[in-house]
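Reviewing the structure listed below.
In this text, all values refer to a predicted model and were calculated from it rather than measured experimentally. Computed over heavy atoms, backbone and side chain alike; hydrogens, waters and symmetry mates excluded. Each chain gets a letter, A, B and so on, in the order its sequence line appears, and its residues count up from 1.
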Amino acid sequence: MAIRDGFTHTINTNAFVLETLRGGKQRIDGRELNTLRQIAFQFTRSEGQASVLVQWGRTQTLAVVSAEVVPPYPDRPTDGALMFNVELSKMAEASVGLLRASPLATEITRIIERGIRDSQALDTETLCIVAGEKVWQLRVDVHILDNGGNLVDAAALAAIAALQHFRRPDVTVSGEGFVEVHHSDEREAQPLALHHVPLCITFALFDDMGKQRVVVDPDEVEEAVMKGRVTIALNAHREVCTLHKNGGMAMSAETLLACADVAAAKVVALHERLREELQKADAAARQAREQRLRGGAAFASHTAHLASLMQAAQPMDETADLTRVGHLGYDDLHVTGKVRDAPERALGGGARGLQGDEAAKSALFAQMAKAAADASAGLESKLGKAPVGKRKGKDTASGVGDAELDEFDKVAAGLKQQAASGARSLGGTVSAPAPAADDDAMDSGSEEEQVVVLKSSFKTGNEAASDMAAAASAAAAKASAQAGDSDDDLMAAVKSKPKGKGKARQKK
Amino acid sequence: MRRRLRFDGRTGDQIRGLFADQGILNRADGSVRFGAGNTSVLVAVYGPAQPAQQKKEKPDRAIIEVSWRADKGAQTSADAERELYVRRTLEEAVAVARYPRSVISVVVQVLCDDGSVLSAAINACAMALVDAGVEMIGMPVAATACFSGSGSAAAAAPEQLQHLGESHLQLDPSASEEATTRATVMLAVLAGSDGILTMKMTGQLGAEELFAASEAARKACDAVSVYLRRAVEAKVLRDVANLQ
């Protein structure tokens, strides 16, 4: 489907996105705050080259890895080279200009370079053929084919997936230094020596009248509305490979740590998914290679004979699917179940492998739940490290108190609950907001429980007003702990008035 | 012509299996990922739209601009030449007089180049333009033919020496065949019509051989046009079924 110029960014779009985030549970495309979009891979391997087409929601990127034998850099005679080139193709969106290297493309290239090359993910010494004379130079070209938001994560995922799928041709060095590169049909090509697999996760920061909201993996609408972004690259061992926050809305260090923790959980799940897809793709490539080596009849069945094709008089099989499966369609990318409450129209209707999507989502969510459990278990075993701090106006950096651990357990349980309910993704159980989300919502939630006594003192038939007043008084009670809250004055004013119910209702 | 099998089991007059995924890009007005064997290209069409610079527009017709992106490496002059071939071919096929003062932008991204990539690109452009709903006079279809074996003994590879003097016409060559051929002919026609839109010949050929190659390529073009029609019809029927 064509949405050539994307959407029109208006004041209404702004207000709609922020209001949806205020609810703390859902985003405008039906995802939860900490959910990545659907991802699909299509791998290809040919002689001396490997490519992968990554679909990340509506964003599509293509990464192509190729290798060449070149002389090494004079100051590093035993190291091969790894080059990245990210190109924002003219097909990504209609308004891409003629400038060769747009600033965004350069920024994405640098993030990927820092995340993969500078973090020593690839052992460049294994690319050496003859020290000082011949080394392998790997070239990774990433083409952004479709701009659906969050290009960095999709490009980085495509780059590292292509590097993992790539097979380096085998070489023989003769006495005089003559290097013979073998065809992959003669000698099997070798995988690259990757120490770890860095993956990027991007967070978007929104400014909702002074309150900061954070979501994972913004799409193009959220990217237009957001006020800042931060990209964190980690590997499956929860090591940070690079962190990229370049201007934009300021965020506190605690929020950044919370983001890093969420990103770590996401990367673990994504890494597992990538590993499975790579195994399948490698098996398929090996099978194709064996078929080709055996040759003859097995391969000829794929060719189209002229005569049979030209028999246009044959009746057309209406159900013949002349396109290949594997590509995410419009239905797959849109979570319609939550918006409309009809259970039979959940998750993209249509005949496009509904069960497949559900199964994939539940597998991913199961892994996320496991990652959340591991995260909480890991924290308990590492006493002395600063936990994911909830900003309560207290010093959370020193030591780990029981209160902090309880808080983290509650948050981790919320994550697990959210993951378990996410598999059905139809309303589901009410889950606690993710730790990277609004601090205030979490705090006011806990505060509301403490002011139950206050709530009952308001004698009114309108429950909503009493809730608002209770929240207002609770917020005012911790006004000293919250600096720079623009609602504080309002709450204080509301609280001081004897008949504050009506006013409170109006304010909210 | 003796029936010799090629390395992948095809005979000289067989083209590789075709596949097409239509409408796969979200932003582009029309898109298709088209492939023949291992060769695959992704084509996106934007348009008709207003040109960015007003001086570019023509008052009586649309302008077609083509951008060719190779799968790896920077753009070379060969890529610029291919852009020119695709553009001139499409200008004969698209009803440009119907869209005055507009630009139709075609972006070709090579996903995998395993031979005959220019003809695959022209076929893909035809499907992408249909997907975009651009009005066309006819469907441009293209095919490539090459001659195996070399004319001179000096350039012959050892395994070809036994067939010295024999030249075999091969349709839809793969990359390894294109690398060892002595001449390649690419032909583009409007499906159903007689005339030749575009012919690109490189190498050394006699006149009869050129004629034979162009006739064989024309037959291949007919086969490809049948496939294009079937693929487009299948997609339309599927879309209609999904709507219901």
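Under 3.5 Å, the side chains of B:Arg33 and A:Gln42 contain a donor-acceptor pair of N or O atoms.
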| query | What do the steps show when you test B:Lys72 against A:Glu68 for salt bridge (charged side-chain N to carboxylate O under 4.0 Å, His left out), and what is the final call? | reply | CA-CA 12 Å; B:Lys72 58 190 178 196; A:Glu68 210 187 329; over 6 Å; no
| From CA spacing to verdict: side chain to side chain contact (heavy atoms under 4.5 Å, CB included), A:Lys90, B:Gln109 | CA-CA 10 Å; A:Lys90 278 190 79 171; B:Gln109 169 74 56; over 6 Å; no
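No more than 12 heavy-atom neighbours from other residues, nucleotides or ligands sit within 6.0 angstrom of CD on B:Gln54. Taking a 6.0 Å sphere around CD of A:Gln287, one finds it holds 12 or fewer heavy atoms contributed by other residues, nucleotides or ligands. Atom CZ of B:Arg229 has 12 or fewer heavy atoms from other residues, nucleotides or ligands within 6.0 Å.
Taking 4.5 Å as the limit, every side-chain heavy atom of B:Leu111 sits out of range of all side-chain heavy atoms of A:Thr44. Using a 4.5 Å heavy-atom cutoff, the side chains of B:Asp71 and A:Gln49 are in contact. The side-chain heavy atoms of A:Ser89 and B:Val107, taken from C-beta on, include a pair separated by under 4.5 Å. No side-chain heavy atom of B:Val43 sits under 4.5 Å from any side-chain heavy atom of A:Met91. Side-chain contact between B:Arg27 and A:Glu220 is present, with at least one heavy-atom pair separated by less than 4.5 Å.
Checking side-chain atoms of B:Asn26 against main-chain N and O of A:Arg58 turns up a donor-acceptor pair under 3.5 Å.
Only the side chain of A:Leu62 has a heavy atom closer than 4.5 Å to any heavy atom of chain B. Looking at B:Ala132, there are no atoms closer than 4.5 Å to chain A (heavy atoms on both sides), in backbone or side chain. With a 4.5 Å cut-off on non-hydrogen atoms, B:Ala143 does not touch chain A at all.
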